[in-house]
Amino acid sequence: MSSDLVTAAKTETLRTIQHRMKEASITGVPIVEDKRLLGIISMHDILTAFDEGTIDEAAESHMTRNIKVLEDDMPLSFAISYFNKYLYGRFPVLNKNRELCGIITIRDINTTLLREVNRIVEELEGELKQDVSEDSDSGVISFQHYVVRHDFENAGRASADIKRILKAHGFDPQTIRRAAVASYELEMNLVVHSHGGRLSFRMDPEKIEIRTIDTGPGIPDVDKALEVGFSTANEWIRSLGFGAGMGLANVQRVVDDFFLKSAKGKKTDATAIIKRL
Ligand SMILES: Nc1ncnc2c1ncn2[C@@H]1O[C@H](COP(=O)(O)OP(=O)(O)OP(=O)(O)O)[C@@H](O)[C@H]1O
Ligand SMILES: [Mg+2]
């Protein structure tokens, strides 16, 4: 998203706005008052104004008012779905106070996607190197799984892998269920709340260990986060069915030991242990 915004006031004329567009090489200008978005003047509006002889009139009477906007904490996939759904070339972005804080174009999307693809390829290369390792002498099985922020499409893969491994090793259904609950909740917290991270699974003759370490943004109050019903999930996360504030409490309930280390601005390190003996 570009936050270096070129905007105009509702009283400015379309001609002034057209000059501003030309100078900045852009094709749309948000009309703003006290940081509030009132409308947008696009190149199409300018061309129509030239056509109809209204180019010296104020933006106010020609701007598009019913604008589809994005919110600054929405994931990229939401932005992409807007471009597909509404066929506009740009969407203004609002912050929590409903103030205009940026504008996103299809070009921004392409650049971000390319960067993301490169990052995922690098991660996959790393992951392939660390595929499931099994040492039959010591009975240790381990693997790591990278979890990408807001990647709801692949969410749940790590816990599905854990379930499969435990099943293949003849674990009883209750242990498998406990490990599945713990790993799913921790994995989903990486997807929903973290900047991304790693889930690692390790099993030895004594215990099953499921651990997630992420890259932030950290939990300011760990005790509070463990309380049933406490959640900082925002509205769109809740619309996807998450954010009941049950996850960490569920992990604590189903495992034998649970350690949660975090602080505001730091990584979150969560370790869940199920004893085998
Ligand atoms: N990895 C993490 N990074 C940052 N914050 C986290 C992380 N995991 C949990 N939290 C914080 O702890 C809170 C409680 O987590 P918990 O899993 O119990 O509930 P939830 O994820 O909000 O909802 P649910 O798990 O029921 O869908 C979260 O809302 C979030 O504020
Ligand atoms: Mg959760």
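Note that the numbering runs from 1 along the sequence shown for the chain. First listed ligand is number 1; within each ligand, the first listed atom is number 1.
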Apply side chain to side chain donor-acceptor pair (under 3.5 Å) to the pair S200 and Q144, showing each step before the final yes or no.
CA-CA 4 Å; S200 50; Q144 296 197 30; 5.5 Å; no

Measuring centre to centre across the rings, with the benzene-like ring taken for any Trp, is F152 within less than 6.0 Å of F242?
yes

Nearest non-hydrogen atom to atom 13 (C) of ligand 1 belongs to which of F242, Y184, F230?
F230

Is it the case that ligand 1 has an N or O less than 3.5 angstrom from some N or O of S194?
no

Indicate yes or no: does an N/O atom of P217 lie under 3.5 Å from an N/O atom of ligand 1?
no

Top protein contact for atom 15 (O) of ligand 1, by heavy-atom distance:
L248 CD1, 3.6 Å

N189 backbone or side-chain N/O/S under 2.8 Å from the Mg ion (ligand 2):
yes

Honestly curious: do L166 and L186 fall in one hydrophobic cluster under the side-chain, below-4.5 Å linking rule?
yes

Could you tell me the residue and atom name of the protein heavy atom closest to atom 25 (O) of ligand 1, and the distance to it rounded to 0.1 Å?
G247 N, 3.1 Å

If you have a sec, work out which protein heavy atom is nearest atom 5 (N) of ligand 1 and how many Å separate them, to one decimal?
I219 CG1, 3.4 Å

Atom 26 (O) of ligand 1 [closest protein heavy-atom partner, distance rounded to 0.1 Å]:
M246 N, 2.8 Å

Summary of ring pair (Phe, Tyr, Trp, His ring centres under 6.0 Å) pairs that have at least one residue in residues 170-223, sequence neighbours excluded:
F143-F201

For ligand 1, is any non-hydrogen atom under 4.0 Å from T268's backbone (N, CA, C, O), its side chain (CB onward), both, or neither?
side chain

Is the closest side-chain donor-acceptor distance between N154 and R157 under 3.5 Å?
yes

the protein heavy atom lying closest to atom 27 (O) of ligand 1 turns out to be G243 N, 2.8 Å

Specify side chain, backbone, both or neither for E185, according to which of its non-hydrogen atoms lie closer than 4.0 Å to ligand 1.
side chain

How far is atom 30 (C) of ligand 1 from the closest protein heavy atom, and which atom is that?
T232 OG1, 3.3 Å

So which heavy atom in the protein is nearest atom 20 (P) of ligand 1, and how far is it from that ligand atom?
H193 NE2, 3.5 Å

pair R202-D204: side-chain heavy atoms closer than 4.5 Å
yes

What I want to check is whether the side chains of S81 and N84 have a donor and an acceptor closer together than 3.5 Å.
no

The atoms of ligand 1 lying under 4.0 Å from a heavy atom of A225, numbered in the order shown, are 12 (O), 14 (C), 18 (O)

Find the distance between OG1 (T212) and CD (E185) and round it off to the nearest 0.5 Å.
11.5 Å

Is the count of non-hydrogen atoms from other residues, nucleotides or ligands lying under 6.0 Å from R98 atom CZ greater than 12?
no

Test side chain to side chain donor-acceptor pair (under 3.5 Å) applied to D108 and T105, step by step
CA-CA 5 Å; D108 295 325; T105 62; 3.3 Å; yes

Measure up the W236 and H150 rings against each other and bin them: parallel (under 30°), tilted (30 to 60°), perpendicular (over 60°).
perpendicular

Is V192 near ligand 1, meaning one of its heavy atoms is under 4.0 Å from it?
no

Centroid-centroid distance, Y88 to Y82, less than 6.0 Å
no

Taking CZ in R107 as the centre, count heavy atoms belonging to other residues, nucleotides or ligands within less than 6.0 Å. Is the count above 12?
no

Which atoms from ligand 1 have a heavy atom of S231 less than 4.0 Å away?
20 (P), 22 (O), 29 (O)

If we number the atoms of ligand 1 from 1 as shown, the ones under 4.0 Å from a heavy atom of G245 are 18 (O), 19 (O), 20 (P), 23 (O), 24 (P), 26 (O)

Short N/O distance, under 3.5 Å, between A249 and ligand 1?
no

Mode of D214 contact toward ligand 1 - side chain, backbone, both, neither (heavy atoms, under 4.0 Å):
side chain

Atom 9 (C) of ligand 1 [closest protein heavy-atom partner, distance rounded to 0.1 Å]
N189 ND2, 3.5 Å

Could you establish whether A270 and ligand 1 come within less than 4.0 Å of each other, counting only heavy atoms on the residue side?
no

Within ligand 1, which atoms have a heavy atom of G218 less than 4.0 Å away?
4 (C)

